[in-house]
Novice: 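I'd like to ask you about the structure that follows.
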Amino acid sequence: MRETAPARATELLEWYDRHARTMPWRVPPAARAQGEAPDPYRIWLSEVMLQQTTVAAVTQYFERFTARWPTVADLAAADDGDVMGEWAGLGYYARARNLLKCARAVVADHGGIFPADHAALLKLPGIGPYTAGAISAIAFDLPEVVVDGNVERVMARLHDIHTPLPAAKPELTAAAAALTPKARPGDYAQAVMDLGATICTPRSPACGICPWRAPCLARANGTAADLPRKIPKKAKPVRLGIAYVVQRADGAILLERREDRGLLGGMLGWPGSDWAEEAPAPAPPLDADWHVLSEEARHTFTHFHLRLAVHVAQVSTGANPERGAFMALPEFQPAQLPTVMRKVYDLSRGVLREMG
DNA sequence: GAAACGTGGTA
DNA sequence: TTACCAAGTTT
């Protein structure tokens, strides 16, 4: 093991001043130096969207949300279904449910003003240790230790830590705490994350142009690309199910709102079976002449692969389903469906056209 | 501590 | 095609 000089926050801040990425919610370092402060609502919204989600995916959702709901009070007053529909496609839908709960708590308990304090933020729905620190640091420039996946990777490499995650978390947090400066903590937090996203990347890190290449132990020892170590993930089982797509003669579509918990909770979807490793017996929502599509809808979730048989029927205007409710065509927006449900719809469109 | 919880991009 | 990965939180 070689020796290196310790890393310093100032080296990273100088790099950030020249290379900060542009994001719709971000106040760039030059503007911040002029005294411009970020909007805590926009920082909170972006941070919740960015949980386990890339900047590229978040940006368009962020623009739509803030155009439709410019303030936390606007969001708190929104219809639940509208918010879930706007979130559709972004994933981890508990975030959207907690987003609404949090907005309403900020209005009801904090006068519509986000608290700056880490402990107060942590009590709000959907805000955990990382997001509380990020809001406190970025929106209020408080010297919080902000540890996300980027920071864990950067610290593991800087100190050549081989302990696998998540056991390494306390060690990596301590390393991050030792580097967090009292000056410009908001810019510093964003700088480490930008570094992790653009230079100290998971695969093929660009060590040659890294502002911390001199102090980096993993760079010196040639281990950067192998860090951080992680516990291997379990294999995903396959689950099977049936989705029922029903169109009424007037064009209306049969949908149901899923329960406010668990997988895809609160989202619109097709009536259907449970999803299990055993193929389900058909249990259609109404009697009809069902057409079974030759192609299944395939989708992979966090912890299982899903194969959905798609059953399609056209019914008369007087049809009375046991489940779900008909939605008129102008109101039905496929973009408001979670991706797996949109895949089912896309497969059904050809048959629906033939029937209608 | 471990599992549940989405999706799209990339190798 | 498969597997890994991304600005985590909740139970």
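What's counted below: heavy atoms across the whole structure, side chains too, no hydrogens, waters or symmetry copies. Residue numbers begin at 1 in each chain, while the letters A, B, ... track the order of the sequences.
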Novice: Among residues 19-28 of chain A, which residues get a heavy atom nearer than 4.0 Å to DNA chain B?
Specialist: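 Close to the strand, none.
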Novice: What is the distance from CG of A/L165 to C1' of C/dC4, rounded to the nearest Å?
Specialist: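 Atom-to-atom, A/L165 to C/dC4, this comes out as 15 Å.
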Novice: Do A/E47 and A/Y130 get their side chains close enough for a donor-acceptor pair, meaning under 3.5 Å?
Specialist: yes
Novice: I want to check something: taking the side chain as every heavy atom from C-beta on, are A/Y93 and A/N98 in contact at a cut-off of under 4.5 Å?
Specialist: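 They are not in contact (no side-chain heavy atoms under 4.5 Å apart), so the answer is no.
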Novice: Please tabulate, one pair per line, all N/O donor-acceptor pairs under 3.5 Å involving side-chain atoms of residues 79-90 of chain A, not counting sequence neighbours.
Specialist:
residue: A/D79; atom: OD2; partner: A/G81; partner atom: N; Å: 3.0
residue: A/D79; atom: OD2; partner: A/D82; partner atom: N; Å: 3.1
residue: A/D80; atom: OD1; partner: A/R104; partner atom: NH1; Å: 3.3
residue: A/D80; atom: OD1; partner: A/R104; partner atom: NH2; Å: 3.1
residue: A/D82; atom: OD2; partner: A/R68; partner atom: NH2; Å: 3.4
residue: A/E86; atom: OE1; partner: A/R68; partner atom: NH1; Å: 2.7
residue: A/E86; atom: OE2; partner: A/R64; partner atom: NE; Å: 2.8
residue: A/E86; atom: OE2; partner: A/R64; partner atom: NH2; Å: 3.1
residue: A/W87; atom: NE1; partner: A/G91; partner atom: O; Å: 2.9

Novice: Output the rounded distance in Å from CG (A/D148) to C1' (C/dA6).
Specialist: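 The answer, rounded to whole Å, is 9 Å.
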Novice: Would you say the side chain of A/W290 lies within less than 4.5 Å of the side chain of A/V312, judging by non-hydrogen atoms?
Specialist: no
Novice: Quick check on DNA chain C: between A/R298 and A/L122, whose nearest nucleotide comes earlier from the 5' end?
Specialist: A/R298
Novice: Only pairs under 3.5 Å count here: list side-chain donor-acceptor contacts from residues 110-123 of chain A, not counting sequence neighbours, and write none if there are none.
Specialist:
residue: A/D117; atom: OD2; partner: A/A119; partner atom: N; Å: 3.4
residue: A/D117; atom: OD2; partner: A/A120; partner atom: N; Å: 3.1

Novice: Rounding to an integer number of Å, can you tell me how far A/R153 CZ sits from C/dC4 P?
Specialist: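 Going from A/R153 (CZ) to C/dC4 (P), I get 16 Å.
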Novice: Applying a 4.0 Å non-hydrogen cut-off, can you work out what A/K230 is touching in the nucleic acid: base, sugar-phosphate, or nothing?
Specialist: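 Sugar-phosphate: the residue A/K230, judged by heavy atoms under 4.0 Å, touches backbone atoms but no base.
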Novice: All N/O contacts under 3.5 Å from nucleotides 4-7 of chain B to the protein, with atom names and distances to one decimal?
Specialist:
residue: B/dC5; atom: OP1; partner: A/L263; partner atom: N; Å: 3.4
residue: B/dC5; atom: OP2; partner: A/H303; partner atom: NE2; Å: 2.6
residue: B/dG6; atom: OP1; partner: A/Y93; partner atom: N; Å: 2.6
residue: B/dG6; atom: OP2; partner: A/L264; partner atom: N; Å: 2.6
residue: B/dG6; atom: O4'; partner: A/Y92; partner atom: N; Å: 2.9
residue: B/dG6; atom: N7; partner: A/Y92; partner atom: OH; Å: 3.4
residue: B/dG6; atom: N7; partner: A/T302; partner atom: OG1; Å: 2.7
residue: B/dG6; atom: O6; partner: A/Y92; partner atom: OH; Å: 3.0
residue: B/dG6; atom: N1; partner: A/Q52; partner atom: O; Å: 3.1
residue: B/dG6; atom: N2; partner: A/Q52; partner atom: O; Å: 3.2
residue: B/dG6; atom: N2; partner: A/T53; partner atom: OG1; Å: 3.1
residue: B/dT7; atom: OP1; partner: A/Y93; partner atom: OH; Å: 2.8
residue: B/dT7; atom: OP1; partner: A/T339; partner atom: N; Å: 2.7
residue: B/dT7; atom: OP2; partner: A/H299; partner atom: NE2; Å: 2.5
residue: B/dT7; atom: O3'; partner: A/G89; partner atom: O; Å: 3.4
residue: B/dT7; atom: O3'; partner: A/T339; partner atom: OG1; Å: 3.4

Novice: Give a yes or no on whether the ring-centroid distance for A/Y345 and A/F332 is below 6.0 angstrom.
Specialist: yes
Novice: Which is more 5' along DNA chain B, the nucleotide nearest A/A167 or the one nearest A/A57? Just name the residue.
Specialist: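 First, find each residue's nearest nucleotide; the 5'-ward one identifies A/A167.
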Novice: Roughly, in whole Å, what's the span from NZ in A/K101 to C1' in C/dT9?
Specialist: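 To the nearest whole Å, that distance equals 12 Å.
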Novice: For the P atoms, the ones on B/dC5 and on C/dT2, what distance do you get once it is rounded to whole angstrom?
Specialist: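 The answer is 22 Å between these two P atoms.
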Novice: When you compare B/dA3 with C/dC4, how far apart are their P atoms, in angstrom units rounded to a whole number?
Specialist: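 Each nucleotide's P atom is 15 Å from the other's.
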Novice: I'd like the P distance from C/dT9 over to B/dG8, given in whole Å.
Specialist: 22 Å
Novice: Measure the distance from NZ on A/K123 to P on C/dT9 and round it to the nearest whole Å.
Specialist: 17 Å
Novice: Could you list the residues that satisfy ring pair (Phe, Tyr, Trp, His ring centres under 6.0 Å) with A/H299, not counting sequence neighbours?
Specialist: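 Applying ring pair (Phe, Tyr, Trp, His ring centres under 6.0 Å) to A/H299 gives A/F301.
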Novice: What is the distance, to the nearest angstrom, from the CG atom on A/L121 to the P atom on C/dT9?
Specialist: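 Atom-to-atom, A/L121 to C/dT9, this comes out as 12 Å.
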Novice: When the distance from CG of A/L227 to P of C/dC5 is rounded to whole Å, what number comes out?
Specialist: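 Computing the A/L227:CG to C/dC5:P distance gives 13 Å.
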Novice: Which donor-acceptor pairs under 3.5 Å do the side chains of residues 225-245 of chain A make with protein atoms, sequence neighbours left out?
Specialist:
residue: A/R229; atom: NH1; partner: A/H162; partner atom: O; Å: 3.4
residue: A/K236; atom: NZ; partner: A/T302; partner atom: O; Å: 2.9
residue: A/Y244; atom: OH; partner: A/A283; partner atom: N; Å: 2.8

Novice: CZ of A/R203 versus C1' of C/dA6: gap in Å, rounded?
Specialist: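 My rounded result for the distance is 11 Å.
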Novice: Could you check if a side-chain atom of A/R42 sits within less than 4.5 angstrom of a side-chain atom of A/F62, using non-hydrogen atoms only?
Specialist: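 In contact.
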